[in-house]
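In what follows, a single structure is set out as structure tokens and then discussed.
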Protein chains: 2
Amino acid sequence: MEKTLIESCEDTCTGTGLVQPAIEPRLPEHQAVGIAEVFKALGDPTRVKIIYFLLHRELCVHDLSTALEMGQSAVSHQLRYLRDLHIVKRRKEGKTVFYSLDDGHIEQIFVQTLHHLQHM
Amino acid sequence: MEKTLIESCEDTCTGTGLVQPAIEPRLPEHQAVGIAEVFKALGDPTRVKIIYFLLHRELCVHDLSTALEMGQSAVSHQLRYLRDLHIVKRRKEGKTVFYSLDDGHIEQIFVQTLHHLQHM
DNA sequence: TTAATATATGAGTAATCACTCATATGTTAT
DNA sequence: ATAACATATGAGTGATTACTCATATATTAA
């Protein structure tokens, strides 16, 4: 080790040769982060179940908590997470807060993915 | 606290009343986990960039490493992750290993999501 | 007012993650 | 054989995460 150490593959790599000038098109950092953020929001079993329930009807926190067999606090935290990303929205009625899907695009992404995965 | 503690909302909740008999349809646990697993795989900026690059062409590890401006080890680890989920596949040619997308469904999920997010 | 209910939230924690570093493996050239 | 290169991988680490617990807030009823 520790000798000539050619700085890059540009001269030696048997690869694509596309490194110079650059591999295009490039996805801007902020877009990559934004896309990943959405996928990550859908990348947890509890949140998947929540979204799946809300595909069919609006539900209050307690009903979600019961349906998911999880503590109310855990559900509230996840709903907060989804709400911050505008995936889910609130409707208050007395003491009760009903949640439903907020974004048609997210809903379509979810449903289309569901269909894809069912045919794999 | 610590007194009557009614066991559930079934009698008192002002909610949907759908708790009994149950909220249907239910997404089976293993399906929820599987769906979340796929979304999670797409839920990281580095992996998003990798998949985006591979949408357009096959690339070797070094070229990906250069394009992503990340260490070769980090890239290899992520490629391993994606390969385990059959999102990406290998093709060996001498010393070089080329990676490309392995699954048309995942590719469609990715592209459709890209389009959705561009129109939000 | 006080009590009960429904939800929200901050702190704490164990598990997971996305890297780095060092090293191992595999391939080609000399 | 040895050396150089290309990739893979195990260990280690700091950051993030998905929960629990206790408590706060909000609404309604008595």
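Below, chains carry the letters A, B, ... as their sequence lines are ordered, and counting in each starts from 1.
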Can you tell me if A:Arg90 touches the phosphate of C:dT7, counting only side-chain N or O atoms and a distance under 4.0 Å to OP1 or OP2?
no

What is the distance from CG of A:Leu82 to P of C:dA8, rounded to the nearest Å?
12 Å

Does a side-chain N or O from A:Tyr99 land closer than 4.0 Å to OP1 or OP2 of C:dA6, or not?
no

Output the rounded distance in Å from CE (B:Met70) to C1' (C:dC21).
14 Å

Under 4.0 Å: is that the gap between some side-chain N or O of A:Arg80 and OP1 or OP2 of C:dT7?
no

What pairs meet the ring-ring contact (aromatic ring centres under 6.0 Å, His included) rule with one or both residues in residues 41-60 of chain B, with sequence neighbours excluded?
B:Tyr52-B:His56

In Å, rounded to the nearest 0.5 Å, how long is the span from CD of B:Gln72 to CG of B:Leu64?
11.0 Å

Show me the pairs that pass salt bridge (charged side-chain N to carboxylate O under 4.0 Å, His left out) and involve residues 74-88 of chain A, at least two apart or across chains.
A:Arg80-A:Asp84

Check the pair B:Leu79 / B:Val75 against side-chain contact (heavy atoms from CB on, under 4.5 Å), numbers first and verdict last.
CA-CA 6 Å; B:Leu79 288 170; B:Val75 175; 3.8 Å; yes

Rounded to whole angstroms, how far apart are CD on A:Gln72 and C1' on D:dA18?
15 Å

Taking the minimum atom-to-atom distance to the side chain of A:Val97, which one of C:dA8, D:dT7, C:dC19 wins?
C:dA8

Measuring from the side chain of B:Ser76 (C-beta onward, heavy atoms only), which nucleotide among D:dC19, D:dT9, C:dT7 has the closest atom?
D:dT9

Please determine whether a side-chain nitrogen or oxygen atom of A:Gln78 lies at a distance below 4.0 Å from atom OP1 or OP2 of D:dC19.
yes

Taking all heavy atoms of B:Ile106 and all of B:Asp103, pick out the closest pair and write down the distance.
N-OD1, 2.9 Å

Would you compute the distance between atom CG of A:Leu54 and atom CG of A:Leu59 and round it to the nearest 0.5 angstrom?
6.0 Å

Test side-chain contact (heavy atoms from CB on, under 4.5 Å) on B:Tyr99 and B:Arg90 and set out the steps.
CA-CA 5 Å; B:Tyr99 280 85; B:Arg90 287 161 46 113; 3.4 Å; yes

Results of side-chain hydrogen bond (donor to acceptor under 3.5 Å, both in side chains) for A:Ser65 - residues two or more places apart only:
none

Using nucleotides 10-15 of chain D, report all nitrogen or oxygen pairs with the protein that are shorter than 3.5 Å.
residue: D:dG10; atom: O6; partner: B:His77; partner atom: NE2; Å: 2.9

Tell me the interatomic distance from A:Leu64, atom CG, to D:dC19, atom P, rounded to whole angstroms.
13 Å

Could you check how far CZ of A:Arg83 sits from C1' of C:dA8, rounded to whole Å?
9 Å

Which pairs with one or both residues in residues 66-89 of chain B pass ring-ring contact (aromatic ring centres under 6.0 Å, His included), sequence neighbours excluded?
none

Pairs flagged by side-chain hydrogen bond (donor to acceptor under 3.5 Å, both in side chains) wherever residues 111-120 of chain A is involved - sequence neighbours left out:
A:His116-B:His105

Pick base, sugar-phosphate or nothing for B:Arg47, based on heavy-atom distances below 4.0 Å to the nucleic acid.
sugar-phosphate

side-chain hydrogen bond (donor to acceptor under 3.5 Å, both in side chains) with A:Glu29: which residues, sequence neighbours excluded?
B:Lys49

Rounded distance in Å - CG (B:Leu68) to P (C:dA18):
14 Å

If we fit an axis to the first five pairs and another to the last five of the helix from C:dT1-D:dA30 to C:dT30-D:dA1, what angle do they make, to the nearest 10°?
10°

Stretch residues 26-45 of chain A: residues that reach within less than 4.0 Å of DNA chain D through a heavy atom
A:Lys40, A:Asp44

In whole angstrom, give the distance that lies between atom CG of A:Leu79 and atom P of D:dA18.
14 Å

Please enumerate all protein N or O atoms sitting under 3.5 Å from an N or O of nucleotides 24-30 of chain D, with distances to 0.1 Å.
residue: D:dA26; atom: O3'; partner: A:Lys92; partner atom: NZ; Å: 3.3

Could you work out, with side-chain hydrogen bond (donor to acceptor under 3.5 Å, both in side chains) as the rule, every residue matching A:Gln78, not counting sequence neighbours?
A:Arg47

Stepwise, does the side-chain contact (heavy atoms from CB on, under 4.5 Å) test hold for A:Val61 with A:Ser76?
CA-CA 7 Å; A:Val61 177; A:Ser76 271; 3.9 Å; yes

Verify same cluster id: B:Val33, A:Leu55 (apolar side-chain graph, 4.5 Å)
no

Would you please confirm or rule out a distance under 4.0 Å between OP1 or OP2 of C:dT27 and any side-chain N or O of B:Thr96?
no

Using atom OH of B:Tyr81 as one end and atom P of C:dC17 as the other, report the distance to the nearest whole Å.
6 Å

Name all residues meeting the salt bridge (charged side-chain N to carboxylate O under 4.0 Å, His left out) criterion together with A:Arg91; count only those two or more places apart in sequence or in a different chain, and write none if there are none.
A:Glu58, A:Glu93

